[in-house]
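Every chain is numbered from 1 and lettered A, B, ... according to where its sequence line falls, protein lines coming before strand lines.
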Number of protein chains: 2
Amino acid sequence: MLSKKTKYGLKALTYLATKDNKSPVQIAEVAESENISQKFLESILLTLRRNGFLGSKKGKGGGYYLIKEPHEIGMAAVMRVLEGPIAMVPCVSLNFYEKCDDCPDEASCSVHDLMLKVRDANLEVYRNTTLADLISK
Amino acid sequence: MLSKKTKYGLKALTYLATKDNKSPVQIAEVAESENISQKFLESILLTLRRNGFLGSKKGKGGGYYLIKEPHEIGMAAVMRVLEGPIAMVPCVSLNFYEKCDDCPDEASCSVHDLMLKVRDANLEVYRNTTLADLISK
DNA sequence: TTATTATCCTATCAATTTAGTAGGGAATGC
DNA sequence: GCATTCCCTACTAAATTGATAGGATAATAA
């Protein structure tokens, strides 16, 4: 399942992308428009800022804004920050590799190969999709 | 993340598939061979039996066995039984469709389209993989 | 300089899910 | 009848999720 965190994060990014001018948008505005708990959204936007997707400004007239063009924001990067590893098992993860505790031998694990294919299929989608693709409709 | 339930279930199916003769294999044997808690595996094999993947026999010489040929057991069906919906959001699920509570309009949801692509990519893999593909190595 | 606005940040929490464990019941084979 | 093996329900500890609370900090405006 996609977490609410990721879902809300994607919706917020999309919303900010529609405001093509770079002026800050307040959390409250995004939250109301997208039906998201404001406080929850606050923490999501914070992590998006900390990971280099958003800029922010405090005080009156403040808010969040994209610091890159939508077509420069790839879904693979966004998903990794919001949802975590794209792979379903750590032993096939590119960015979060870890040995499975229950597998004596990775090479002879039947699940390994299947999950490798799944990972590649997902990566293919995420690498070929940017924020720009989410708004054009 | 892939649940342990699914991972163990796949490993158990693979193990049973290697025993190509249809004689029952005891839970204990599978559990030991695959490093799985026996009691946990018990419940997993039970759901696989209830969903038509396995047959079972009680008493001495009993155990579980495949009731179809490995190449007839598709991963899409197995994943749905063990892991649940293949789609990451209910609004793009083929078999478990549900409207998202926070979306007023599905057609204008930016997440919807992305998740549709992801679902299709995953389905493509699962539909083109059978249990037979997991063992051939 | 003071008030207002809006983000920043930490801590806490209820509900749900996950990964088991416990323990007895029921069928089968000898 | 007795051992074996699956069948089935209930329970539980730990982790995760989806928030909420409340104040600190920075920017702007008066």
S.K.: Could you tabulate the donor-acceptor pairs under 3.5 Å formed by side-chain atoms of residues 122-132 of chain B, not counting sequence neighbours?
M.R.:
from: N122(B); atom 1: OD1; to: N122(A); atom 2: ND2; distance (Å): 3.1
from: N122(B); atom 1: ND2; to: N122(A); atom 2: OD1; distance (Å): 3.1
from: N122(B); atom 1: ND2; to: V118(B); atom 2: O; distance (Å): 2.7
from: E124(B); atom 1: OE2; to: N128(B); atom 2: ND2; distance (Å): 3.3
from: N128(B); atom 1: ND2; to: E124(B); atom 2: O; distance (Å): 2.7
from: T129(B); atom 1: OG1; to: V125(B); atom 2: O; distance (Å): 2.7
from: T130(B); atom 1: OG1; to: A132(B); atom 2: N; distance (Å): 3.2

S.K.: Can you run down the ring-ring contact (aromatic ring centres under 6.0 Å, His included) pairs that involve residues 73-96 of chain A, sequence neighbours left out, and say none if there aren't any?
M.R.: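 Pairs touching residues 73-96 of chain A that pass the test: none.
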S.K.: Between C103(B) and K11(A), is there a side-chain heavy-atom distance shorter than 4.5 Å?
M.R.: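 Touching, per the 4.5 Å side-chain cut-off.
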S.K.: Give the table of side-chain donor-acceptor pairs shorter than 3.5 Å for residues 26-34 of chain A, with sequence neighbours excluded, one pair per line with atom names and distance.
M.R.:
from: E29(A); atom 1: OE2; to: Y15(A); atom 2: OH; distance (Å): 2.7
from: E29(A); atom 1: OE2; to: K19(A); atom 2: NZ; distance (Å): 3.1

S.K.: May I have the distance from I27(B) (atom CD1) to dC7(D) (atom P), rounded to whole angstrom?
M.R.: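 Value for this atom pair: 7 Å.
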S.K.: Could you write nucleotides 20-30 of chain D as a row of B, S and -, 5' to 3', where a protein heavy atom under 4.0 Å of any base atom gives B, of only sugar-phosphate atoms gives S, and otherwise -?
M.R.: BBB--BSBS--
S.K.: Could you identify which residues of residues 79-88 of chain B place a heavy atom less than 4.0 Å from some atom of DNA chain D, listed by residue number, or say none?
M.R.: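 The stretch gives none, as no residue of it lies under 4.0 Å from the strand.
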S.K.: Report the residues that fulfil ring-ring contact (aromatic ring centres under 6.0 Å, His included) with Y97(A), sequence neighbours left out, ordered by chain and then residue number.
M.R.: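 Y97(A) satisfies ring-ring contact (aromatic ring centres under 6.0 Å, His included) with no other residue.
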S.K.: Between C1' on dT16(D) and CE on M1(A), what's the gap in Å once rounded to a whole number?
M.R.: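 That distance rounds to 13 Å.
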S.K.: By the 4.0 Å heavy-atom rule, please label L45(B) as base, sugar-phosphate, or nothing.
M.R.: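 Nothing: the residue L45(B), judged by heavy atoms under 4.0 Å, touches no strand.
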S.K.: Would you call D101(B)-K4(A) a salt bridge at under 4.0 Å N-O?
M.R.: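 Between K4(A) and D101(B) there is a salt bridge, with a charged N closer than 4.0 Å to a carboxylate O.
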S.K.: Can you list the residues that meet the salt bridge (Lys or Arg N to Asp or Glu O under 4.0 Å) rule with D105(B), with sequence neighbours excluded?
M.R.: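 Partners of D105(B) by the salt bridge (Lys or Arg N to Asp or Glu O under 4.0 Å) criterion come out as none, since no residue qualifies.
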S.K.: Return the set of residues passing side-chain hydrogen bond (donor to acceptor under 3.5 Å, both in side chains) with T14(B) (not counting sequence neighbours), or none when no residue passes.
M.R.: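 In terms of side-chain hydrogen bond (donor to acceptor under 3.5 Å, both in side chains), with neighbours along the sequence ignored, T14(B) is linked to S110(A).
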S.K.: Listed in order of residue number, which residues of residues 2-14 of chain A have a non-hydrogen atom at under 4.0 Å from DNA chain C?
M.R.: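 Contacting residues: none.
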S.K.: May I ask you to check whether E83(B) and S3(B) show a side-chain donor-acceptor distance below 3.5 Å?
M.R.: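 Yes, S3(B) and E83(B) have a side-chain donor paired with an acceptor closer than 3.5 Å.
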S.K.: Quick one: which residue pairs count as a ring-ring contact (aromatic ring centres under 6.0 Å, His included) with a foot in residues 74-95 of chain A, not counting sequence neighbours?
M.R.: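 Sorted result for residues 74-95 of chain A: empty, none.
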S.K.: Please report the distance, rounded to the nearest Å, between CG in L41(A) and P in dG18(D).
M.R.: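 Between P of dG18(D) and CG of L41(A): 14 Å.
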S.K.: Are any protein N/O atoms closer than 3.5 Å to N/O atoms in nucleotides 10-12 of chain C? If there are, list each pair with its distance.
M.R.:
none

S.K.: Taking only side-chain N and O atoms of R49(A), does any of them lie within less than 4.0 angstrom of OP1 or OP2 on dA6(C)?
M.R.: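 Looking at the OP1 and OP2 atoms of dA6(C), neither is under 4.0 Å from any side-chain N or O of R49(A).
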S.K.: For a quick test of your reading: what N or O donor-acceptor pairs under 3.5 Å do the side chains of residues 53-77 of chain B make, sequence neighbours left out?
M.R.:
from: E69(B); atom 1: OE2; to: K22(B); atom 2: NZ; distance (Å): 3.2
from: E72(B); atom 1: OE1; to: E69(B); atom 2: N; distance (Å): 2.9

S.K.: Rounded to the nearest Å, what distance is computed from the OH atom of residue Y65(A) to the P atom of nucleotide dT7(C)?
M.R.: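 These atoms are roughly 12 Å apart.
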S.K.: Looking at every non-hydrogen atom in both residues, tell me the closest pair between P104(B) and D102(B) and how far apart they are.
M.R.: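 Closest approach of P104(B) to D102(B), heavy atoms only: CD-O, 3.5 Å.
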S.K.: Could you give the CD1-to-C1' distance, from I44(B) to dC6(D), as a whole number of Å?
M.R.: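 Checked: the CD1 to C1' distance equals 15 Å.
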S.K.: For residues V78(A) and N51(A), determine if any side-chain heavy atom of one lies less than 4.5 Å from a side-chain heavy atom of the other.
M.R.: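 When only atoms from C-beta onward are counted, N51(A) and V78(A) do not touch, as no gap falls below 4.5 Å.
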